[in-house]
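Just below is one structure, and these are the notes that go with it.
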Amino acid sequence: MRFPAVRRASRFGGPLVGLIVLAAASAGAAAERGFPYDGILMLEAKPMKGSRRVPVLQIESRGTASIDLWCNTVPAQLVVVDNTITIIIGSPTPKQCDPDRMQADEDLLTALQQVASWRRQDDLLVLEGEKTLRFHLSSN
C-alpha cells in the first residue's frame, strides 16, 4: 500500500524543519544585537584613583534610565529608533566629590548628550558621538 501524501510530506518536511531552525536562530541573533533594554551596563574604563567605582548605565524597558557617574547619579530618558539614539539627561544628585570626579561627571554627561547612534557587539553596547563610549552588559 502506498501513501503518496506521506512521501510528499517527508520530502518537504526536512527542508521545512531546517527553515524553522534557521528562523529561530536568526531571531535569537537579532535579539542579541537588539538594544539592551532592562539591562545594566558598565562603562569600559578603569576606576579613578582611590576608588573602584566605574560609571553604570541601568536601562528600563521603556528607555527610562539611571546613570551612576563617577560621583553623582543622574536620571535619563533614552529614545532609540533603529540605530539612532538620543539621551535626555535629568538633574544629577547634589553629591560633592573631589574636583577630578566632578569634572569626570561633567565630561561623561557631555559625551552622553552628544551620542547620536548605537551598535551592539555581543555583550558590548557602543554609543557613538563626538566620543565613542563602550559599555559592557553586566552578566549579573
Side-chain angles (χ1 to χ4, degrees):
M1 195 177 237
R2 299 177 120 180
F3 297 102
V6 171
R7 193 175 305 150
R8 276 193 301 263
S10 65
R11 187 175 344 143
F12 294 112
L16 182 59
V17 169
L19 284 174
I20 291 171
V21 169
L22 181 62
S26 296
E32 285 181 13
R33 289 189 305 265
F35 193 80
Y37 290 108
D38 293 321
I40 298 174
L41 300 107
M42 295 181 68
L43 181 66
E44 185 177 84
K46 292 182 180 179
M48 295 183 82
K49 187 177 179 179
S51 173
R52 293 192 308 198
R53 183 175 175 144
V54 174
V56 173
L57 173 60
Q58 184 170 348
I59 308 167
E60 303 296 325
S61 61
R62 295 185 185 259
T64 302
S66 175
I67 307 167
D68 293 331
L69 302 165
W70 297 103
C71 175
N72 287 296
T73 299
V74 63
Q77 181 68 42
L78 282 60
V79 181
V80 179
V81 178
D82 296 326
N83 71 333
T84 63
I85 184 170
T86 300
I87 302 175
I88 303 163
I89 304 291
S91 297
T93 56
K95 186 176 175 184
Q96 291 297 312
C97 294
D98 65 67
D100 290 342
R101 291 186 199 289
M102 298 294 284
Q103 185 59 53
D105 278 6
E106 288 299 318
D107 294 345
L108 183 53
L109 286 174
T110 299
L112 286 167
Q113 289 175 314
Q114 294 171 347
V115 166
S117 64
W118 70 276
R119 62 186 158 84
R120 179 100 180 256
Q121 297 173 332
D122 299 322
D123 73 336
L124 189 68
L125 174 66
V126 181
L127 300 177
E128 297 173 332
E130 280 193 36
K131 287 186 177 181
T132 298
L133 302 170
R134 298 165 51 95
F135 287 86
H136 287 275
L137 190 58
S138 176
S139 58
N140 296 355

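Counting begins at 1 with the first residue of the sequence.
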Exercise. Verify the neighbour count for atom CG of Asp82: are there more than 12 heavy atoms of other residues, nucleotides or ligands below 6.0 Å?
Key: no
Quiz item: Do other residues, nucleotides or ligands put more than 12 heavy atoms under 6.0 Å from Gln121 CD?
Solution: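 Atom CD in Gln121 is crowded, with more than 12 foreign heavy atoms closer than 6.0 Å.
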Return the minimal non-hydrogen interatomic distance between [X] and [Y], and the atom names on each side.
X: Thr73; Y: Ser66; answer: CG2-OG, 3.5 Å
X: Trp118; Y: Phe35; answer: CH2-N, 3.4 Å
X: Arg101; Y: Gly50; answer: NH2-C, 3.9 Å
X: Pro47; Y: Val54; answer: CG-CG2, 3.8 Å
X: Asp38; Y: Ser61; answer: OD1-N, 3.0 Å
X: Lys95; Y: Cys71; answer: CD-O, 3.7 Å

Quiz item: Are any non-hydrogen side-chain atoms of Leu124 and Glu44 less than 4.5 angstrom apart?
Solution: yes
Quiz prompt | Check: Val115 and Glu128 side chains under 4.5 Å, non-hydrogen atoms | solution = no
Practice problem: Applying side chain to side chain contact (heavy atoms under 4.5 Å, CB included), run through Leu137 and Leu125 and close with a yes or a no. | Solution: CA-CA 7 Å; Leu137 190 58; Leu125 174 66; over 6 Å; no
Self-check item: Residues which pass side-chain contact (heavy atoms from CB on, under 4.5 Å) with Thr110, listed by chain and number, not counting sequence neighbours
Solution: Gln114
Practice problem: Using side-chain contact (heavy atoms from CB on, under 4.5 Å) as the criterion, list what pairs up with Pro55, not counting sequence neighbours. | Solution: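 Checked Pro55 against side-chain contact (heavy atoms from CB on, under 4.5 Å); matches are Leu43, Trp70, Leu108.
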When you measure from the side chain of [X] to the backbone of [Y], do you find a donor-acceptor pair of N or O atoms at a distance under 3.5 Å?
X: Ser51; Y: Met48; answer: no
X: Asn72; Y: Pro92; answer: no
X: Gln103; Y: Asp98; answer: no
X: Asp105; Y: Leu69; answer: no
X: Arg119; Y: Val126; answer: no

Quiz item: With sequence neighbours excluded, what pairs up with Arg53 under the salt bridge (Lys or Arg N to Asp or Glu O under 4.0 Å) test?
Solution: none
Practice problem: Test Leu127 against Ile87 for side chain to side chain contact (heavy atoms under 4.5 Å, CB included), laying out the working first. | Solution: CA-CA 10 Å; Leu127 300 177; Ile87 302 175; 4.3 Å; yes
Self-check item: Connected via hydrophobic side-chain network under 4.5 Å: Met102 and Ile89
Solution: no
Quiz item: When hydrophobic residues are tied together by side-chain contacts of less than 4.5 Å, even through go-betweens, does Ile88 share a cluster with Ile85?
Solution: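 No, Ile88 and Ile85 fall in different hydrophobic clusters.
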Quiz prompt | Worked verdict on His136 versus Leu41 for side chain to side chain contact (heavy atoms under 4.5 Å, CB included) | solution = CA-CA 5 Å; His136 287 275; Leu41 300 107; over 6 Å; no
